[in-house]
Amino acid sequence: MSTGAPPRSLQGTTAVVTGGTTGLGLGIAERFLAAGATVVCASRDTHDVRTVLDRFPERAHYHRADVSDEASVRDLMRFAHERTGRLDVVVANAGISRDAKLARLSLADWNAMVGTNLTGVFLTIRESLPYLLESGRGRIITVSSLMGSRTAVGAAGYCATKAGVEMLTRAAAIELGPKGISVNAIAPGFINTGMGKKVEADERLWQRYRDRIALGRLGDTAEVTEAAAFLAAPESSYVNGHVLEINGGLRWS
Ligand SMILES: NC(=O)c1ccc[n+]([C@@H]2O[C@H](COP(=O)([O-])OP(=O)(O)OC[C@H]3O[C@@H](n4cnc5c(N)ncnc54)[C@H](OP(=O)(O)O)[C@@H]3O)[C@@H](O)[C@H]2O)c1
């Protein structure tokens, strides 16, 4: 039954989505485009971005960027502003996972996770600020994970970076809220794209995790992108510093 509620409109806004070329980031970019936003998808490689560039030739853009590199993130935000005349919404979605038990976790893999998942979110927030302040209705959405608040053997580095993202989000929210910028996180569980799909492909691992999910299934990409659209839209104007879990209900010990 229709509630008669208007669709969440992002008409007239510009969004940057890091990691917006595949997986959840691409889904978020598509959802924002469907709501009327102009979107800049950023990552080091183009992956599947062509699908949205072709469907929304006027409003979808790609810009190469490495979120762990200060100059690259600065250039990304400048590009978005110069190309579209504004910047209102930033989704710090780019993330990687390098699973290994601690004794075998290399410094290179640790540094890659910290550089992308945590420093990358910090740089994405910081470098977008001048433009979000100018917008007057800035929104920052960070992407954590169920692992930001739960542990898994072999995922210590990933868990640590995602826990950092959640605290960074809360700290940024109280600092930037008075300036008119809200900052929230989404924390997906196992989703049927990107990293979640890889977990499902490993039958034994997926069996172990599925038993912990109350709904007993992977989440659908749309079940995450809808939450991102809500946090970007005017309807969520009083939500700030929140970590929104989207995981089907987890039992975790
Ligand atoms: N899918 C899930 O089930 C799930 C669950 C919980 C949380 N998450 C989180 O959701 C986010 C997206 O995950 P996903 O599953 O969609 O992953 P994915 O399919 O592997 O996509 C990751 C994206 O991030 C980009 N990226 C990685 N390193 C980057 C860097 N240094 N600079 C710029 N872009 C970079 C990748 O492009 P390049 O490599 O070309 O740069 C790609 O576009 C991540 O933060 C992840 O931790 C996912």
Side-chain angles (χ1 to χ4, degrees), residues 16-31 39-52 62-77 79 90-99 108-109 111-124 127 141-150 152 155 157-166 168-169 185-202 205-206 209-210 213 217-225 227-228 243-248 250 252:
V16 164
V17 182
T18 69
T21 53
T22 185
L24 282 180
L26 186 67
I28 291 169
E30 284 181 301
R31 178 63 182 84
V39 180
V40 177
C41 301
S43 61
R44 294 164 302 175
D45 214 328
T46 52
H47 300 285
D48 310 321
V49 77
R50 179 54 53 197
T51 57
V52 301
Y62 169 74
H63 194 70
R64 189 176 304 280
D66 179 346
V67 296
S68 67
D69 182 277
E70 190 174 32
S72 179
V73 180
R74 188 167 299 156
D75 175 59
L76 166 65
M77 300 307 167
F79 168 86
V90 170
V91 185
N93 164 79
I96 58 168
S97 165
R98 300 276 185 271
D99 286 355
D109 281 350
N111 283 340
M113 285 188 282
V114 172
T116 304
N117 299 357
L118 191 51
T119 306
V121 174
F122 157 64
L123 290 174
T124 300
E127 294 304 323
I141 302 166
T142 63
V143 179
S144 178
S145 161
L146 74 115
M147 300 286 183
S149 54
R150 294 164 187 86
Y158 183 72
C159 290
T161 60
K162 291 299 188 180
V165 167
E166 294 191 5
L168 175 59
T169 302
I186 52 176
F190 299 102
I191 310 302
N192 66 355
T193 189
M195 297 177 188
K197 214 169 176 180
K198 286 185 196 145
V199 171
E200 190 195 27
D202 182 336
L205 188 62
W206 172 231
Y209 286 137
R210 187 178 49 200
I213 304 170
R217 62 170 175 86
L218 287 176
D220 190 76
T221 303
E223 291 172 314
V224 175
T225 62
V243 177
L244 179 56
E245 295 204 319
I246 308 161
N247 58 33
L250 286 178
W252 209 268

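All ligand and atom numbering here is 1-based and tracks the order in the structure. Computed from a predicted model, the values in this text were never measured in an experiment.
For A187, the closest heavy-atom approach to ligand 1 does not fall below 4.0 Å. Using a 4.0 angstrom heavy-atom cutoff, G115 does not count as in contact with ligand 1. Ligand 1 lies nowhere less than 4.0 angstrom from a heavy atom belonging to K197. Judged by the shortest distance from any of its heavy atoms, A65 lies inside the 4.0 Å radius around the atoms of ligand 1. Within the 4.0 Å heavy-atom cutoff, T18 does not count among the residues contacting ligand 1.
Residue G189 has at least one heavy-atom neighbour below 4.0 Å for each of these atoms of ligand 1: 3 (O), 4 (C), 5 (C), 6 (C). The atoms of ligand 1 that sit less than 4.0 Å from any heavy atom of H47 are 37 (O), 38 (P), 39 (O), 40 (O). Proximity to S144 (heavy-atom distance under 4.0 Å) selects the following atoms of ligand 1: 7 (C), 9 (C). Less than 4.0 angstrom separates some heavy atom of T22 from each of these atoms of ligand 1: 19 (O), 21 (O), 42 (C), 43 (O). Numbered from 1 in the order shown, with element, the atoms of ligand 1 that lie under 4.0 Å from a heavy atom of T116 read 28 (N), 29 (C), 31 (N). Close approach of ligand 1 to I96 is summarised as follows: ligand atoms under 4.0 Å from at least one heavy atom of the residue are 27 (C), 28 (N). Within ligand 1, the atoms closer than 4.0 Å to a non-hydrogen atom of Y158 are 7 (C), 8 (N), 46 (C), 47 (O), numbered from 1 in the order shown. For ligand 1, the atoms lying closer than 4.0 Å to a non-hydrogen atom of G196 are 1 (N), 2 (C), 3 (O).
Inclusion of G20 in the set of residues having an N or O under 3.5 Å from an N or O of ligand 1 is not warranted. Considering backbone and side-chain N/O of G25, none are found under 3.5 Å from N/O of ligand 1. At a 3.5 angstrom cut-off on N or O pairs, F190 does not count as close to ligand 1. Taking only nitrogen or oxygen atoms, main chain and side chain alike, D66 reaches within less than 3.5 Å of ligand 1.
For the side-chain contact (heavy atoms from CB on, under 4.5 Å) test with T21, the passing option among V52, T51, T46, V49 is V49; the others fail.
Neither the backbone nor the side chain of M147 has any atom closer than 4.0 Å to an atom of ligand 1 (non-hydrogen atoms only). Heavy atoms of N93 found under 4.0 angstrom from ligand 1 belong to the backbone as well as the side chain. Contacts between V199 and ligand 1 below 4.0 angstrom, taking non-hydrogen atoms only, are absent altogether.
Considering only non-hydrogen protein atoms, atom 6 (C) of ligand 1 sits nearest to P188 O, 3.3 Å. The protein non-hydrogen atom at the shortest distance from atom 10 (O) of ligand 1 is V143 CG1, 3.3 Å. Closest protein heavy atom to atom 1 (N) of ligand 1: T193 O, 2.9 Å. When hydrogens are left out, the protein atom nearest atom 25 (C) of ligand 1 is G19 CA, 3.6 Å; that is the closest non-hydrogen contact. Taking atom 32 (N) of ligand 1 as the reference point, the nearest protein heavy-atom neighbour is V67 N, 2.9 Å. From the protein, the heavy atom lying nearest to atom 26 (N) of ligand 1 is A94 CB, 3.9 Å. Scanning the protein for heavy atoms near atom 43 (O) of ligand 1, the closest one is T21 OG1, 2.9 Å. Nearest non-hydrogen protein atom to atom 16 (O) of ligand 1 is L24 N, 2.8 Å.
The main-chain N or O of E200 is never found under 3.5 Å from a side-chain atom of Y209 such that the two would form a donor-acceptor pair. N93 places a side-chain N or O within donor-acceptor distance of the main-chain N or O of G19, the cut-off being under 3.5 Å.
Within the 4.5 Å cutoff, the side chain of L168 has no heavy atoms near those of the T142 side chain. Looking only at side-chain heavy atoms (C-beta outward), T116 and R98 stay at 4.5 Å or farther from each other. At least one side-chain heavy atom of N192 sits under 4.5 Å from a side-chain heavy atom of D220. Using a 4.5 Å heavy-atom cutoff, the side chains of L250 and R150 are in contact. By the 4.5 Å heavy-atom criterion applied to side chains, S97 and M147 are not counted as neighbours. A 4.5 Å side-chain heavy-atom check between P188 and V143 finds at least one atom pair inside the cut-off. The shortest side-chain heavy-atom distance between M77 and V16 falls under the 4.5 Å cut-off.
The heavy-atom pair separating E166 from A187 by the smallest distance is OE2-CB, 4.0 Å. For the pair T225 and R31, the tightest heavy-atom approach, listed with the atom from each and the gap, is O-CG, 3.7 Å. Here the closest non-hydrogen pair linking C41 and A29 is SG-CB, 3.6 Å.
The heavy atom nearest to atom 22 (C) of ligand 1, out of those in G148, G194, G95, is found in G95. Distances from atom 41 (O) of ligand 1 to the heavy atoms of K162, R64, R44, E200 put R44 nearest. Closest to atom 14 (P) of ligand 1 by heavy atom, among M113, K198, M195, is M195.
Between the side chains of T124 and T18, no donor N or O sits under 3.5 Å from an acceptor N or O.
Contact annotation for atom 39 (O) of ligand 1: protein present (non-hydrogen atoms, distance under 4.0 Å).
To the nearest 0.5 Å, atoms SG (C159) and CE (M113) are separated by 9.5 Å. Of the inter-residue distances, the one linking L244 atom CG with T169 atom OG1 reads 12.0 Å to the nearest 0.5 angstrom.
In this pair, W206 and F190 present their aromatic rings perpendicular. The plane angle is above 60°, beyond the 30 to 60° band.
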request  = Could you please spell out the steps behind the salt bridge (charged side-chain N to carboxylate O under 4.0 Å, His left out) verdict for R74 and E70?
outcome  = CA-CA 6 Å; R74 188 167 299 156; E70 190 174 32; 3.7 Å; yes

